[in-house]
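We count residues from 1, following the sequence as given.
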Amino acid sequence: MAKSALFFALLLVSFLAVPQSHAATLNATPSDYRAKLGQLKPGDTLVLAAGTYTQDLNIRDLNGTPTQWITITGPQSGAPAVFTARSCCNTVELFNASYIHISHLTLDGKNTNAAFGISAKGSTNNLTHHIRIEHCIIKDYNGSQQIVGISTKTPTWGWEIRYNKITNAGTGLYLGNSNGQEPFFASVIEHNVIMNTIGYNMQIKHQTQRPSRPGMPTTPQRTIIRHNVFIKDDRPSPDGDRPNLLVDGFPTTGNGKDDEYEIYGNLFFHNPRESLFQGSGRISLHDNLFVDVVGTAMTIRSHSLPLRRVYIYNNTIHAAGRGISIGSTTPEGQGIVGNLIFATQGITGQVTNQKDNITLPTNQAAQYLNNPSTQLATLDLFPLPNKVEGTPLDLSMFAKDTDSLLDFNGIDKGTRTFRGAYADSGNNAGWKPSTNFKTLLSNTQPEPNQEPTPEPTIEANQEPLAEPSTEPSDEPVTPEPSQESTTPTEPTQEAEAPQTEPSANDGATEASPNETNPDGTSGTPETSAQDKPSTQGCGCNTSTPPIEMLLGLLLLFLGIYKTKS
């Protein structure tokens with residue numbers, strides 16, 4: 001018995017002697033945030049005080065875990081934490097970082113012609129994945145069409161970009177690289193407002209053979225783009241006209257060959273010269289609103305890589321020159337079902353499977369919809385009673401899609417008799433198209449909390465049948481030289497240089513080689529490690545019981561045992 005008691009006493013001491021991990025909250029100001037950044041450990045939160053931050057946010061060699069993300073946040077209300085751009089450096093740079101949550105920051109580009117807002121560059125030298133960007137304002141990164149609000153130029157996955165407002169940028173989001181070798185995939189982009197960009201509101205680049213990276217998913221993946229607002233203005237695009245959103249193709253062999261895009265619940269509004277949407281690869285496009293485009297609302301065709309499959313169902317299109325254009329064959333199939341189209345032309349091109357669509361001239365829209373305006377302030381595309389219903393739609397071929405049975409407002413489609421994006425008529429009780437964040441009537445997509453989101457996965461499809469097209473070469477352009485010095489104790493993140501890319505030319509069957517790129521090539525990654533400040537005064541992320549406490553507990557335990565025996 002004495003040996004047993006001693007054993008358990010020693011076991012207790014051993015347990016108490018192990019350092020216990022505790023998530024810490026560190027408060028920082030413009031004067032000390034960079035020192036405290038280096039102290040963060042998995043589960044920690046860095047709270048940035050309101051104020052103006054004139055240096056950059058260089059998140060380097062900082063990694064949380066799937067269950068303990070590292071959070072960097074500004075104030076959730078009141079005066080913001082504002083990072084102002086410098087011409088030398090991207091405002092937020094991510095390098096060898098993972099499970100990082102960035103929220104409630106304002107990034108002010110100050111119309112510079114060099115800096116990006118948030119950047120992850122460096123190609124395969126940079127292992128960055130699982131990044132969450134929420135509730136941020138990114139504005140005035142618009143010195144040219146090549147300046148980008150959020151940019152990735154490294155193979156990356158697991159991003160969650162939601163509830164951000166990106167305004168007045170050269171390009172809003174540019175994900176991937178024009179060489180096709182830095183894929184962006186297995187991510188969720190939702191509830192953002194991207195507006196008044198010179199070029200794309202958003203583009204995801206094509207992907208050639210996917211590189212092997214530690215932790216990278218090898219099963220088929222889906223990138224989801226939902227409940228966003230994509231708005232262009234009338235400014236000229238000096239480097240070439242761009243759609244509001246363009247997504248390009250996947251690898252033809254190996255990892256990624258069966259990946260998909262699912263794009264639903266979005267508002268695409270206004271494009272004076274190009275399509276509202278252009279896509280290639282493997283696309284499911286459903287329950288969106290497309291409004292006010294001189295050309296084509298949806299251009300579906302091979303671009304840098306071949307078109308594979310397209311599902312287009314339950315969308316509402318208003319005031320378009322052409323509703324839907326299928327410019328290439330779809331060897332893995334197509335389905336164009338239950339769309340409501342008010343356009344000069346309805347559905348054109350290589351169409352092999354369309355059913356139960358309503359196509360009418362734009363001037364008849366007022367007979368079917370509450371207020372089919374091209375002014376956002378008065379726009380209401382909700383159907384009038386008994387106008388856009390018919391026999392129940394067969395949506396069985398889309399059963400694997402996320403939320404395929406929920407309409408634009410997030411309510412169940414019920415008997416599936418409605419054409420277009422809404423499954424109801426009369427008064428619209430849901431979100432009205434605007435420049436505000438979209439909300440839903442149902443609880444299927446609540447505003448996210450701090451928990452990590454699993455990577456989206458899909459079931460494998462059949463082998464691709466076509467070979468990729470050849471991509472044009474890139475021509476680098478030198479950015480503006482820096483006018484500011486950098487802090488000598490911390491490496492900087494250089495701004496990126498523009499280059500050329502394939503065309504997003506509406507209606508063409510092949511990519512055009514002579515259109516300019518909205519952003520820059522990968523910059524040279526920093527070679528020196530970020531200095532790690534001392535942990536003194538950090539509030540302590542680990543806790544070890546003092547030795548006096550351990551000895552006291554041991555003596556107490558032995559005393560109790562001796563008394564009983």
Side-chain angles (χ1 to χ4, degrees), residues 19-26 28 33-48 56-74 90-105 118-134 136 150-162 175 182-188 211-218 221 448-455 489-493 522-523 525-535 538-543:
Q20 303 299 306
S21 176
H22 296 284
T25 298
L26 287 70
Y33 76 98
R34 295 206 291 179
K36 292 185 177 181
L37 187 66
Q39 301 173 15
L40 295 174
K41 294 178 174 59
D44 287 355
T45 298
L46 180 65
V47 179
L48 302 175
D56 315 305
L57 185 59
N58 193 357
I59 302 171
R60 184 186 183 96
D61 300 323
L62 199 60
N63 298 276
T65 71
T67 57
Q68 291 185 302
W69 290 56
I70 294 173
T71 298
I72 301 169
T73 182
N90 297 322
T91 307
V92 177
E93 191 72 65
L94 293 152
F95 193 86
N96 288 343
S98 62
Y99 302 103
I100 303 295
H101 180 196
I102 301 168
S103 71
H104 293 94
L105 301 181
I118 298 175
S119 166
K121 64 183 181 182
S123 188
T124 54
N125 293 317
N126 180 3
L127 181 59
T128 288
H129 57 89
H130 287 91
I131 304 297
R132 182 182 296 145
I133 303 169
E134 292 180 328
C136 291
I150 299 177
S151 169
T152 65
K153 293 219 178 58
T154 182
T156 191
W157 65 96
W159 285 54
E160 305 166 32
I161 303 173
R162 57 170 67 95
L175 308 173
E182 278 85 56
F184 176 96
F185 66 102
S187 297
V188 178
S212 177
R213 306 285 283 145
M216 177 180 283
T218 57
Q221 299 290 314
N449 55 27
Q450 303 299 317
E451 294 301 316
T453 297
E455 295 163 1
T489 58
E490 180 175 353
T492 61
Q493 51 274 13
S522 300
E526 299 91 341
T527 56
S528 60
Q530 180 173 328
D531 295 334
K532 299 295 183 182
S534 167
T535 56
C538 70
C540 298
N541 291 316
T542 60
S543 176

Exercise. List in chain and number order the residues that pass side-chain contact (heavy atoms from CB on, under 4.5 Å) with L105, two or more places apart in sequence or in another chain; answer none if no residue qualifies.
Key: L48, L57, A81, F83, I102, L107, C136
Self-check item: Set of residues satisfying side-chain hydrogen bond (donor to acceptor under 3.5 Å, both in side chains) with respect to S103, sequence neighbours excluded
Solution: T73
Self-check item: Nearest non-hydrogen partners of S187 and G158, listed with the distance
Solution: OG-N, 3.4 Å
Practice problem: Look at the aromatic rings of H130 and W157 and report parallel, tilted or perpendicular, splitting at 30° and 60°. | Solution: perpendicular
Practice problem: Over all heavy atoms of both residues, which pair between A28 and K36 is shortest? Give the atoms and the distance, please. | Solution: CB-CD, 4.1 Å
Exercise. Drop me the distance from I118's CD1 to I133's CD1, to the nearest 0.5 angstrom.
Key: 4.0 Å
Quiz prompt | Option passing side-chain contact (heavy atoms from CB on, under 4.5 Å) with T71 (candidates D44, L46, T45) | solution = T45
Exercise. Kindly indicate whether the side chain of L26, heavy atoms from C-beta on, has any atom under 4.5 Å from the side chain of Y33.
Key: no
Quiz prompt | From CH2 (W159) to OG1 (T128), nearest 0.5 Å | solution = 7.0 Å
Practice problem: Compare all side-chain heavy atoms of R132 with those of R162 and state whether any distance is below 4.5 angstrom. | Solution: yes
Quiz item: Can you name the side-chain contact (heavy atoms from CB on, under 4.5 Å) partners of N63, sequence neighbours left out?
Solution: S98
Quiz item: Out of curiosity, T156 OG1 to F185 CZ, how far, rounded to the nearest 0.5 Å?
Solution: 8.0 Å
Quiz item: Does the side chain of R213 come within less than 4.5 Å of T124's, by heavy atoms?
Solution: yes
Quiz item: Can you name the closest pair of heavy atoms from N125 and F95 and give their distance?
Solution: O-CZ, 3.5 Å
Quiz item: Going by heavy atoms in the side chains, are V92 and I59 under 4.5 Å from each other?
Solution: yes
Quiz prompt | Closest contact, heavy atoms only, P211 versus P155 | solution = CG-CG, 3.7 Å
Quiz item: Could you state the interatomic distance from CH2 (W69) to NE2 (H101), rounded to the nearest 0.5 Å?
Solution: 8.0 Å
Quiz item: Which pair of non-hydrogen atoms, one from I72 and one from L37, has the smallest distance, and what is that distance?
Solution: CD1-CD1, 3.6 Å
Practice problem: Please check if the side chain of T154 supplies one atom and the backbone of N126 the other of a donor-acceptor pair under 3.5 Å. | Solution: yes
Self-check item: Donor-acceptor contact below 3.5 Å, side chain N96 vs main chain R60
Solution: no
Quiz item: For the atom pair CD1 (I100) and CG (L94), what is the distance rounded to the nearest 0.5 Å?
Solution: 7.5 Å
Quiz item: Do K121 and E182 have side chains that get closer than 4.5 Å, going by heavy atoms?
Solution: no
